[in-house]
Amino acid sequence: VIPGWFSEISPMWPGEAHSLKVEKILFQGKSEFQKVIVFQSSTYGKVLVLDGVIQLTERDECAYQEMITHLPLCSIPNPKKVLVIGGGDGGVLREVSRYASVEKIDICEIDGMVVEVSKQFFPDLAVGFEDPRVTLHIGDGVAFLKAVPEGTYDAIIVDSSDPIGPAQELFEKPFFQSVAKALRPGGVVCTQAESIWLHMHIIEDIVSNCRQIFKGSVNYAWTTVPTYPSGVIGFMLCSTEGPPVDFKHPVNPLDASGSNSIGPLKFYNSEIHSAAFCLPSFAKTVIDSK
Ligand code: AAT
């Protein structure tokens, strides 16, 4: 460990640790669920860390939040009811709020401290909570989903932390079963699905579970996020039986301005949407075989 630097060390990426130079620690706390740190880095703006793992930085959060949101929502016509699991920083809400067709946005985040800290230190993300269509539920996403009536949502976005800690169950088969139940026919889910460089074993399990559960389409997409381990992160995109969804060809494109008062899109566009589904051969072989 280098003094004055933050290094992200975890058994989920043994033998490597990406580091950022720390200018100043702005917040340190311990919630019921995890240790929460916010620091000012010298080159990526403010950084949110949960249990030693980087959740977002001001500089590259656009890549993650825009992709995890617009990959599913641009793939179906007129999304109306959207559920976000995790995502307590508000960044995904900010992106969902770009859609005029959306009538209701529920969010279920386990940790109220993440929401409070985001409102204090990350106003450009927490702005997502100001949309009047948003209802915040503080609680476990697994329990929340079990109570959702069948066929409620057009889209569910699972913006979850890694499977060590409170998010573990969000990577397991029963969770995906409740997601499928909560979606309308032809509804879509997009979940944070780790890195093809580090976690092919986790991805294999998710893909094979999803192929059993989702009778529409099952796809893996990925993007670059420099401050996530290995610099890339992937998404599992699935649809339920019903009107077919072709994730690779967005039917509900966002225009260049990205619409509303929150300003233009920084990362997402329709070309990068389609490109996100092109996989390196080593990953394609494994994912296609599941
Ligand atoms: N948008 C920033 C990126 C994240 S945040 C993940 C969020 O999921 C955290 O706020 C965490 O508190 C919340 N969370 C974890 N478990 C649950 C649960 N069971 N129910 C509801 N919310 C939960 C993801 C960063 C990915 C990091 C990649 N290395």
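Keep in mind the model is a prediction, meaning the values are calculated, not measured. What you see below is based on every heavy atom in this structure, not just the backbone, and it leaves out hydrogens, waters and symmetry mates. Counting convention: from 1, in listed order, for ligands and their atoms alike.
Residue, atom and distance of the protein heavy atom nearest to atom 15 (C) of ligand 1 are Ser161 OG, 3.2 Å. Of all protein heavy atoms, the one lying nearest to atom 19 (N) of ligand 1 is Asp140 OD1, 2.9 Å. Atom 12 (O) of ligand 1 has its closest protein heavy atom at Glu109 OE2, 2.6 Å. Atom 23 (C) of ligand 1 has its closest protein heavy atom at Ile110 CG2, 3.6 Å. At the shortest separation from atom 5 (S) of ligand 1 among protein heavy atoms lies Gln55 OE1, 3.3 Å.
Heavy atoms of Phe144 found under 4.0 angstrom from ligand 1: none, in either backbone or side chain. Only side-chain heavy atoms of Tyr228 come within less than 4.0 Å of ligand 1; its backbone N, CA, C and O stay farther off. Residue contacts with ligand 1, taken as heavy atom pairs separated by less than 4.0 Å, involve Asp159 via backbone and side-chain atoms alike. At a heavy-atom distance under 4.0 Å, only backbone atoms of Cys108 (N, CA, C or O) approach ligand 1. Here Gln192 has side-chain heavy atoms under 4.0 Å from ligand 1, and that is the only part of it that gets that close. Of the heavy atoms in Gln34, only side-chain atoms (C-beta onward) come closer than 4.0 Å to ligand 1. By the criterion of a heavy-atom distance under 4.0 Å, the side chain of Leu170, and not its backbone, is placed next to ligand 1. Residue contacts with ligand 1, taken as heavy atom pairs separated by less than 4.0 Å, do not involve Glu61 at all. Residue contacts with ligand 1, taken as heavy atom pairs separated by less than 4.0 Å, do not involve Val142 at all.
Separation of atoms CD (Glu23) and OG (Ser42) is listed at 4.5 Å; rounding is to 0.5 Å.
Atoms of ligand 1 lying under 4.0 Å from any heavy atom of Asp89, numbered from 1 in the order shown and given with element: 1 (N), 2 (C). Residue Ala167 approaches ligand 1 through these ligand atoms, each under 4.0 Å from one of its heavy atoms: 15 (C), 16 (N).
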Should Phe6 and His18 be marked as a ring-ring contact (aromatic ring centres under 6.0 Å, His included) after you check the CA-CA gap, both sets of side-chain angles, and the distance that decides it?
CA-CA 8 Å; Phe6 167 83; His18 186 243; 9.2 Å; no

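The aromatic rings of Phe144 and His137 sit tilted relative to each other, their planes meeting at an angle between 30° and 60°. Note: Trp13 and His199 have perpendicular aromatic rings, judged against thresholds of 30 and 60 degrees for the angle between ring planes.
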